[in-house]
Number of protein chains: 2
Amino acid sequence: MSITIKDIAELAGVSYSTVSKALNNSPLVKPNTKAKIIRIAKEQGYEPNFAARRLVQKQSHTIGLVWPTVERVALSTLVTKIKEEIEKHGYSMILSINSASTAIEMFKRFQIDAVIVFEETKQKMDASVFANLPIISYGTALNNEIPFVDVNYRQAMLLGVKYLVDLGHKRISFVGDFSPVDQRQIEKYEGFLEAFEKYNLPVTPHTIVNTGGLDWYDGYHATKRLVETDSTLPTAVIGSSYDISAGIIRALREKDLIIPKDISVIGYDNIPQMANLETPLTSIGPPIDVIAKEIVTTVFMLMDEKDSVPTIQTIHPELKERASCAIAKST
Amino acid sequence: MSITIKDIAELAGVSYSTVSKALNNSPLVKPNTKAKIIRIAKEQGYEPNFAARRLVQKQSHTIGLVWPTVERVALSTLVTKIKEEIEKHGYSMILSINSASTAIEMFKRFQIDAVIVFEETKQKMDASVFANLPIISYGTALNNEIPFVDVNYRQAMLLGVKYLVDLGHKRISFVGDFSPVDQRQIEKYEGFLEAFEKYNLPVTPHTIVNTGGLDWYDGYHATKRLVETDSTLPTAVIGSSYDISAGIIRALREKDLIIPKDISVIGYDNIPQMANLETPLTSIGPPIDVIAKEIVTTVFMLMDEKDSVPTIQTIHPELKERASCAIAKST
DNA sequence: TTGTAGGCGTTATCAC
DNA sequence: GTGATAACGCCTACAA
């Protein structure tokens, strides 16, 4: 049996309410007694029982994050950033890798104050699961009732294409995966096509390169195929994710194509790691910190007053210049 | 204010202790009343208050896992397996990406029943933090007082080298990272050297190849350098991790070396993904499921009776044959 | 400045 | 079968 404030009260010769006050650093207790009580508590290795405290206080000051797909790394940087952001608000973050409904069930047991969901698949979730629990989703809209932080992928592609066009590029390739499962990949693809039409770019056999996967590996192979054909190569390439872009760079280098002299490259995913690739990569997408901040801010808004939060919140992308793009050679 | 068993009691015209029993499906309450109570509870959207329950029950049936380095993927498969294993015991798993002491502090607030720690750095942790809390660490020994699940990396290397020697190989290279920070990498390296001496293998300029990092990337470059020298190539290579091995395969293929005809390869990390590489890789190390099971079993032992658990528990490696090794050509 | 007492929502132990 | 009632450990008026 662990030690409680009653035990301490006895040892200190005061009532346990005094102990409670002292331990909560209330100004209502004489410094002397306070010091004494605290000392005794330390000596006895007192550990507050949070279940009891929460029973009366109702708040855990903790936010739960549902992240069923740990094995896909892409979000790990974001998770870390979100944690930091949450801590700035004086809250803690806890993680579950279960599916959304199981995780939320568990979080409720812990009296979590709010939930952020990263679930990839659009799942039917009984509304009772998240009834009067501040909850938000990122990536895929979980449910039409749950506020959702979205990224404008289309606009990101537009930004990238425009940038390249302004540099004089015309033969631009999109290297990405468009498995129909992932809405985000599809939007990037569609965004590229839109931009393509908008700037009236010439269609070549290489305009769209399907990687068939999201690993560096997939980007590498796809690009390898691309550069090994006889037809005229693109002067610029847009990679649809960090990993894919890493593969692209590798494949281009192996073909002795100098970036950006021979070919320009832009990668999606605005994360610091882009700077550490073989060639520091100019990238598009909302900076990871911005996404984190947006998500966390929204969650706290939700906790304050549920109604003031829009159902969909869209984050706009930026373009970060690094060393992988150059003016197109006049051809 | 949410609804409690008292409210339900009133609506059902029974005492709240009866409601409690009914909701816990006690056989001590007449089916009729039970049904009625459950119906009312549903109607009212009753949600039990777990803080209150735990105040009396002391158990949360949840195990906390401390994993500060999400951004390093290597462990994610293991985390998932551990979660599954824990669920087999009817428990849940929850994750924190904070440092061990912060995470444990938080877990205690949630009345977690036990803790598993993946922390990479050996940190001084005040014993009071984990006083009478079942706790275990994996990877690096956290502290001499905390039970620790270890992997016998040396033996793994011995296994790999022996296997190759039995196939007739003599010129064997070790491609790995031995940054002094990571004890595990060092042990792999040392294990290789031991085996090397044991079998009296000839030292060549390529016996040891330092990758200087743990990414596929690092393995790729190191191997590239290796195969591009003029000196005689090894007939077999051991890669010290999954990612590094992926890089090795890539580099060998680019040099048009056929695996295993021209060169045999073994990779450390006995995970299913090894089968999906360009060449399915024969690998060494404890199967990931075995590690998970070992960790979880130990944790539950610890919860049952703290004293019966050895401080260090060592898991022994296995060798999984796939398609990357062949008999050495007689030279 | 300190102590008393009621309550938070459950479960568990008794009586009835 | 059902109902009081006492914990569980803590917080917070309010009383002293």
Side-chain angles (χ1 to χ4, degrees), chain A residues 1-41 44-62 105 108-113 131-133, chain B residues 1-41 44-62 105 108-113 131-133:
Chain A
M1 200 68 268
S2 54
I3 181 158
T4 76
I5 49 174
K6 286 186 186 172
D7 304 323
I8 297 178
E10 199 155 345
L11 289 167
V14 298
S15 84
Y16 61 83
S17 77
T18 306
V19 174
S20 170
K21 283 172 200 147
L23 260 23
N24 287 302
N25 203 13
S26 156
L28 300 171
V29 45
K30 219 182 354 188
N32 276 346
T33 24
K34 190 186 287 188
K36 183 179 176 191
I37 291 173
I38 292 180
R39 182 174 53 73
I40 296 184
Q44 301 296 320
Y46 166 75
E47 301 243 356
N49 180 318
F50 292 90
R53 180 178 294 174
R54 214 167 311 138
L55 188 57
V56 22
Q57 286 192 153
K58 307 297 188 194
Q59 287 232 334
S60 65
H61 275 244
T62 307
E105 221 44 87
K108 282 202 286 202
R109 280 193 263 137
F110 292 123
Q111 318 272 122
I112 284 299
D113 296 336
N132 60 29
L133 175 71
Chain B
M1 201 67 270
S2 55
I3 181 159
T4 76
I5 50 173
K6 288 188 185 170
D7 304 322
I8 297 178
E10 199 156 345
L11 289 167
V14 296
S15 83
Y16 65 84
S17 72
T18 306
V19 174
S20 171
K21 284 171 198 148
L23 260 24
N24 287 300
N25 202 14
S26 156
L28 300 172
V29 44
K30 218 178 2 186
N32 277 345
T33 25
K34 192 186 284 187
K36 183 179 175 190
I37 290 173
I38 291 180
R39 183 176 51 72
I40 297 184
Q44 301 296 320
Y46 166 76
E47 301 242 356
N49 181 316
F50 294 90
R53 179 178 295 173
R54 214 167 309 138
L55 187 56
V56 24
Q57 285 193 155
K58 306 295 186 198
Q59 286 234 332
S60 64
H61 275 243
T62 306
E105 223 41 90
K108 282 202 285 200
R109 280 192 264 138
F110 291 124
Q111 317 272 124
I112 285 298
D113 296 336
N132 60 30
L133 175 71

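A quick note: this is a predicted structure, and the numbers were derived from the prediction, not measured. Residue numbering restarts at 1 for every chain, and letters A, B, ... go by the order of the sequence lines.
- By the 6.0 Å contact criterion, CD on A/Glu10 is open, its count of non-hydrogen atoms from other residues, nucleotides or ligands being 12 or less.
- Atom P of nucleotide D/dC10 and atom CD of A/Gln111 are separated by 16 Å, given to the nearest angstrom.
- We find that CG of B/Asn32 is positioned 12 Å from C1' of D/dG1, with the value rounded to whole Å.
- Atoms CD and CD, on A/Glu47 and B/Glu105 in that order, are 7.0 Å from each other to the nearest 0.5 Å.
- Straight-line distance from the CD atom of A/Gln59 to the P atom of D/dC11: 15 Å, rounded to whole Å.
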How would you summarise protein contacts on nucleotides 10-16 of chain C per nucleotide, using B for base, S for sugar-phosphate only and - for none, with heavy-atom distances below 4.0 Å? BBB----
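- Summarising the geometry, the separation between NZ on B/Lys58 and P on D/dA7 is reported as 14 Å, rounded to the nearest angstrom.
- Between A/Ile8 atom CD1 and D/dG9 atom C1' the separation is 12 Å, expressed in whole Å.
- Taking CD1 from A/Ile5 and NZ from A/Lys21, the interatomic distance works out to 11.0 Å, rounded to the nearest 0.5 Å.
- The distance between atom CZ of B/Arg109 and atom P of D/dC10, rounded to the nearest whole Å, is 15 Å.
- Rounding to the nearest 0.5 Å gives a distance of 11.5 Å between CD1 of B/Ile8 and CZ of B/Arg39.
- Note that OH of B/Tyr46 is 13.5 Å distant from CD1 of B/Ile40, once rounded to the nearest 0.5 Å.
- Between the B/Arg54 side chain and the A/Arg109 main chain, a donor and an acceptor come within less than 3.5 Å of each other.
- For CD of A/Gln59, the number of neighbouring non-hydrogen atoms (other residues, nucleotides, ligands) closer than 6.0 Å is greater than 12.
- Put simply, A/Thr18 has no side-chain N or O that comes within less than 4.0 Å of OP1 or OP2 on C/dT2.
- Looking only at distances, a side-chain donor or acceptor of B/Lys34 sits under 3.5 Å from a matching main-chain atom of B/Ser26.
- The separation between A/Asp7 atom CG and D/dG9 atom P is 9 Å, rounded to whole Å.
- What separates CZ of A/Arg54 from P of D/dT12 is a distance of 15 Å, to the nearest Å.
- Rotation axes derived from the C1' atoms of the five outermost pairs at either end of the helix from C/dT1-D/dA16 to C/dC16-D/dG1 lie 40° apart, to the nearest 10°.
- Between the CD1 atom in B/Ile3 and the CG atom in B/Asn49 there is a gap of 13.5 Å [rounded to 0.5 Å].
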